[in-house]
Amino acid sequence: QVQLVESGGGLVQAGESLTLTCTVSDRIYNFDVMSWYRQRPGERRDWIASLPRTGTGPTTYSDSAKGRFTIDKNYTLSTVTLQMNDLRPEDTAVYYCASLRRGVRSWGQGTQVTVSS
């Protein structure tokens, strides 16, 4: 079973940037889609962005992420990153990396991002 490990979370001030990294135990090309989600306190887990296997579809973002967040991949390092700019207090959440392969989704343990005003 694939292992996903998120890192890069922390405490930042509003307006600052942060890059999250998801390290994948398998070759990223083996997966149909790699995604990021987040879960605010007391709320459900929400989708942020998805990156399909190269050549199979477009990169997509939620409305809240569009224009501020960028998802990217590094095949050599087997990592998927989420660059987050202009962070806001409402971006405070636990951020999760997820993989999808043949209908099976796997999750990382999450990394906490806290944005102070």
Side-chain angles (χ1 to χ4, degrees):
Q1 183 171 346
V2 65
Q3 302 295 319
L4 308 172
V5 180
E6 301 95 338
S7 61
L11 173 63
V12 296
Q13 293 188 335
E16 294 184 340
S17 299
L18 204 59
T19 300
L20 306 182
T21 299
C22 175
T23 302
V24 186
S25 63
D26 198 350
R27 295 171 58 193
I28 294 176
Y29 193 80
N30 289 333
F31 298 94
D32 301 319
V33 184
M34 298 298 300
S35 301
W36 283 95
Y37 289 74
R38 70 183 181 188
Q39 188 167 14
R40 298 188 183 100
E43 297 185 11
R44 67 177 187 183
R45 192 171 299 185
D46 289 327
W47 168 74
I48 298 172
S50 288
L51 188 61
R53 183 185 295 113
T54 300
T56 63
T59 301
T60 52
Y61 296 92
S62 67
D63 288 342
S64 63
K66 208 171 295 182
R68 298 191 299 129
F69 294 3
T70 303
I71 187 172
D72 203 355
K73 62 185 179 298
N74 185 309
Y75 284 132
T76 302
L77 298 178
S78 283
T79 59
V80 179
T81 57
L82 184 69
Q83 170 70 40
M84 305 186 293
N85 299 323
D86 188 26
L87 284 163
R88 305 163 182 169
E90 55 264 36
D91 294 318
T92 295
V94 178
Y95 285 72
Y96 296 91
C97 176
S99 65
L100 181 67
R101 178 165 56 185
R102 297 178 183 174
V104 177
R105 189 178 302 281
S106 299
W107 298 92
Q109 84 289 348
T111 186
Q112 175 72 45
V113 172
T114 302
V115 184
S116 64
S117 58

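Excluded from the calculations below are hydrogen atoms, water molecules and symmetry mates; all remaining heavy atoms, backbone and side chain alike, are included. Just so you know, these numbers come straight off a predicted model, no measurement behind them.
Between Asp32 atom CG and Met34 atom CE the span is 11.0 Å, to the nearest 0.5 Å. Between atom CG of residue Leu51 and atom OG of residue Ser99 there is a gap of 12.5 Å, rounded to the nearest 0.5 Å. Here Gln83 contributes atom CD and Ile71 contributes atom CD1; the two are 12.5 Å apart, rounded to the nearest 0.5 Å. In this structure, the separation between CD1 on Ile28 and OG1 on Thr79 is 5.5 Å, given to the nearest 0.5 Å. The structure places CD of Gln39 at 5.0 Å from OH of Tyr96, a figure rounded to the nearest 0.5 Å. Annotation: the span from Thr76 atom OG1 to Arg27 atom CZ amounts to 10.5 Å, rounded to 0.5 Å.
Counting all heavy atoms, side chain and backbone alike, Ser17 lies closest to Asp86 at OG-N, 4.2 Å. When all heavy atoms of Cys22 and Leu4 are compared, the pair lying nearest together is SG-CB, 4.0 Å. Considering all non-hydrogen atoms of both residues, Leu82 and Phe69 come closest at CD1-CB, 4.1 Å.
Remark: Arg101 qualifies as a cation-pi partner of Phe31 under the 6.0 Å distance and 45° angle criteria applied to the six-membered ring. Remark: Arg53 qualifies as a cation-pi partner of Tyr29 under the 6.0 Å distance and 45° angle criteria applied to the six-membered ring.
Val24 has its side chain within reach of Val2: a pair of non-hydrogen atoms, C-beta onward, lies under 4.5 Å apart. Looking only at side-chain heavy atoms (C-beta outward), Glu6 and Trp36 come within less than 4.5 Å of each other. With contacts defined as side-chain heavy-atom distances shorter than 4.5 Å, the pair Thr92/Arg40 does not qualify.
A side-chain contact (heavy atoms from CB on, under 4.5 Å) with Met84 is found for one member of Leu20, Thr19, Val115, Asp91 and no other, namely Leu20.
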Using the rule given for side-chain contact (heavy atoms from CB on, under 4.5 Å), can you reason through Arg38 versus Ser62, listing the C-alpha separation, both sets of side-chain angles and the distance that settles it, and then say yes or no? CA-CA 11 Å; Arg38 70 183 181 188; Ser62 67; over 6 Å; no
Taking it one step at a time, do Tyr37 and Val94 satisfy side-chain contact (heavy atoms from CB on, under 4.5 Å)? CA-CA 8 Å; Tyr37 289 74; Val94 178; over 6 Å; no
Determine, step by step, whether Thr60 and Trp47 satisfy the side-chain contact (heavy atoms from CB on, under 4.5 Å) criterion, reporting the C-alpha distance in whole Å, the side-chain angles of both residues, the deciding distance to 0.1 Å, and the verdict. CA-CA 10 Å; Thr60 52; Trp47 168 74; 3.3 Å; yes
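Val33 and Tyr95 end up in different hydrophobic clusters when Ile, Leu, Val, Met, Phe, Trp and Tyr side chains are linked at under 4.5 Å.
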